[in-house]
2 protein chains.
Amino acid sequence: MGDDTRLNPRHNKAEVFARLRDAHAREVTEDYVEMIGDLIAEEGEARSVALAERFGVTAATVNNTIKRLERDGYVTSRPYRSIFLTEKGETLAKKCRERHQIVYNYLVSIGVEPEVAEFDAEGIEHHVSEETLRVFELRLLS
Amino acid sequence: MGDDTRLNPRHNKAEVFARLRDAHAREVTEDYVEMIGDLIAEEGEARSVALAERFGVTAATVNNTIKRLERDGYVTSRPYRSIFLTEKGETLAKKCRERHQIVYNYLVSIGVEPEVAEFDAEGIEHHVSEETLRVFELRLLS
DNA sequence: TTTTAAAGTTAGTCAAGGCTAAATTGCTAT
DNA sequence: ATAGCAATTTAGCCTTGACTAACTTTAAAA
Ligand SMILES: [Mn+2]
Ligand SMILES: [Mn+2]
Ligand SMILES: [Mn+2]
Ligand SMILES: [Mn+2]
């Protein structure tokens, strides 16, 4: 005791922003593993050139990002070869794809145009907590 | 004609991500002008030290950001004095505060815990299009 | 009026995530 | 077999947004 938690039931604002910055740091990783998984499913393999085309960035940018993902244990890659997800990457990709789908479906279900939902879901997905996701799911089923 | 828009009714994925990166670039600006507005309303003035405390960053970081906001025409400031919103800053702050409130209220209205909604809204707000915001508003009123 | 603490600034560092330009590698068609 | 194109990598640059450490200014206490 002695602190003013009692007087101020609202958590510190700083906590909210710290968490926001955390979410930020994970966004690109999440979009990449999801996209790599999509490419493997759709085209049999994930090549740099396809990632660059889908994200609308240069090949050099993809290369940088893949190095980071590799460093962090999400993918493996060999020079001039295609990219593979590790177990860790696969797990994250699955979680992200499901979450993405729930957010997208939920937006459409409340009346957002599919095209608009596609834009918004790509950003919103990274900022939806497990709790909120469960609420979306629940409302979707009813 | 001549392009394959007809064959591929879905817009390019790259567009979605370009827009996401755009939203990203605006996030910090939006949170700052909103917070500066809050501080002026609540405490009469916006001091660096208060911004640093609320965002949970150092004074040096606030200083950098304020310089950028000033460069971009959202605020004015003089050394060792408090920070003011320009017309442009005020306009953006108002828009962001309203949007934030709608997102927060909507989340709570569908059953998300207020504490959780506070976290999620801080990130989601920056990725909600006008269209989706209107849907949230509409559902809120009914 | 002087001292001191708080607030603000400056300088220098770092990682992420973009870019361009140039070099390298792999693949395919001749 | 090899020439040439497409894919990939490398090098070097930039901005944002974070940090620490050291310095300066302001304002309050003594
Ligand atoms: Mn996604
Ligand atoms: Mn996304
Ligand atoms: Mn906000
Ligand atoms: Mn925010």
Side-chain angles (χ1 to χ4, degrees), chain A residues 13-36 39 43-84 122-123 126, chain B residues 13-36 39 43-84 122-123 126:
Chain A
K13 271 233 166 299
E15 264 182 69
V16 175
F17 288 101
R19 202 147 129 170
L20 182 61
R21 287 190 294 271
D22 259 28
H24 246 172
R26 272 181 262 110
E27 286 191 29
V28 170
T29 295
E30 292 180 345
D31 286 335
Y32 266 71
V33 295
E34 192 186 343
M35 190 71 89
I36 291 166
L39 283 168
E43 309 187 353
E45 64 173 346
R47 309 285 316 201
S48 280
V49 68
L51 288 169
E53 196 265 331
R54 296 215 184 176
F55 285 124
V57 297
T58 63
T61 296
V62 169
N63 214 256
N64 281 340
T65 306
I66 294 302
K67 284 225 188 73
R68 200 171 41 248
L69 294 189
E70 195 159 20
R71 181 202 65 190
D72 296 343
Y74 294 104
V75 306
T76 57
S77 77
R78 290 186 334 284
Y80 299 97
R81 290 275 118 70
S82 65
I83 299 143
F84 300 90
E122 197 58 73
H126 309 283
Chain B
K13 271 236 166 295
E15 265 183 69
V16 175
F17 289 101
R19 202 148 131 169
L20 181 61
R21 287 190 294 271
D22 258 29
H24 249 166
R26 273 182 261 110
E27 286 190 27
V28 169
T29 295
E30 292 181 344
D31 286 336
Y32 265 71
V33 295
E34 192 187 343
M35 189 71 89
I36 292 166
L39 283 168
E43 310 187 353
E45 64 173 347
R47 310 286 315 203
S48 280
V49 67
L51 287 169
E53 195 264 333
R54 295 216 185 175
F55 285 125
V57 297
T58 63
T61 296
V62 169
N63 215 259
N64 281 341
T65 306
I66 294 302
K67 285 226 187 73
R68 191 157 12 102
L69 294 189
E70 196 160 18
R71 181 201 64 190
D72 296 341
Y74 295 105
V75 306
T76 57
S77 77
R78 290 188 331 286
Y80 298 97
R81 291 273 119 71
S82 65
I83 299 142
F84 300 89
E122 197 58 73
H126 309 282

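Only this structure's heavy atoms are used, side chains among them; waters, hydrogens and symmetry mates stay out. Just so it is clear: chains get the letters A, B, ... in the order the sequence lines come, proteins before strands, and each one is counted from 1.
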Open item on the list: Which residues pass the ring pair (Phe, Tyr, Trp, His ring centres under 6.0 Å) test with B/Phe55, not counting sequence neighbours?
Closed with: A/Phe17, B/Tyr32
TODO: For A/Ile66 and D/dT9, give me the distance from atom CD1 to atom P, rounded to whole Å.
DONE: 9 Å
TODO: Using the test side-chain hydrogen bond (donor to acceptor under 3.5 Å, both in side chains), find all partners of B/Glu34 that sit at least two apart in sequence or belong to another chain.
DONE: B/His100
Would you list the atom pairs, donor with acceptor, under 3.5 Å between side chains in residues 74-83 of chain B and any protein atom, with sequence neighbours excluded?
{"unit_1": "B/Ser77", "atom_1": "OG", "unit_2": "B/Glu70", "atom_2": "OE1", "d": "3.1"}
{"unit_1": "B/Ser82", "atom_1": "OG", "unit_2": "B/Glu45", "atom_2": "OE1", "d": "3.3"}

Open item on the list: So, does A/Thr58 get its side chain near the phosphate of C/dC19, meaning an N or O under 4.0 Å from OP1 or OP2?
Closed with: yes
- [ ] Could you check how far CG of A/Leu51 sits from P of C/dG17, rounded to whole Å?
- [x] 15 Å
Task: For A/Thr61, side-chain hydrogen bond (donor to acceptor under 3.5 Å, both in side chains) partners two or more places apart - done: A/Thr58
Task: Rounded distance in Å - CZ (B/Arg54) to C1' (C/dA7) - done: 17 Å
TODO: Respond yes when some side-chain nitrogen or oxygen of A/Thr65 is under 4.0 Å from OP1 or OP2 of C/dG17, and no when none is.
DONE: no
TODO: Starting at the 5' end of nucleotides 8-15 of chain C, put B wherever the base has a protein heavy atom under 4.0 Å, S where only the sugar-phosphate does, and a dash everywhere else.
DONE: BBBB----
- [ ] Any pair with a residue in residues 49-60 of chain A that passes salt bridge (charged side-chain N to carboxylate O under 4.0 Å, His left out), sequence neighbours left out, goes on the list, sorted by first then second residue, please.
- [x] A/Glu42-A/Arg54, A/Glu43-A/Arg54
Open item on the list: For DNA chain C, which residues of residues 21-29 of chain A approach it to below 4.0 angstrom with any heavy atom?
Closed with: A/Val28
Open item on the list: So if I take the C1' atoms of five pairs at each end of the helix from C/dT1-D/dA30 to C/dT30-D/dA1 and get each local axis, what angle do the two axes make, rounded to 10 degrees?
Closed with: 10°
Open item on the list: Return the NE2 to NE2 distance between A/His126 and B/His126, rounded to the nearest 0.5 Å.
Closed with: 14.0 Å
- [ ] Compare all side-chain heavy atoms of A/Ile36 with those of A/Leu69 and state whether any distance is below 4.5 angstrom.
- [x] yes
Task: Rounded distance in Å - CD (B/Glu53) to P (C/dA7) - done: 11 Å
Task: Partners meeting side chain to side chain contact (heavy atoms under 4.5 Å, CB included) with A/Arg19 (sequence neighbours left out) - done: A/Ser129, B/Phe119
Open item on the list: Rounded to whole Å, how long is the line connecting atom OH of A/Tyr32 with atom P of C/dG17?
Closed with: 9 Å
Open item on the list: Applying salt bridge (charged side-chain N to carboxylate O under 4.0 Å, His left out), can you list everything that pairs with A/Glu30, at least two apart in sequence or on another chain?
Closed with: A/Arg99
Task: Nearest-0.5 Å distance, CD of residue B/Glu27 to CD of residue B/Glu122 - done: 9.5 Å
Task: Nearest-0.5 Å distance, CG of residue B/Leu51 to CG of residue B/Asn63 - done: 11.0 Å
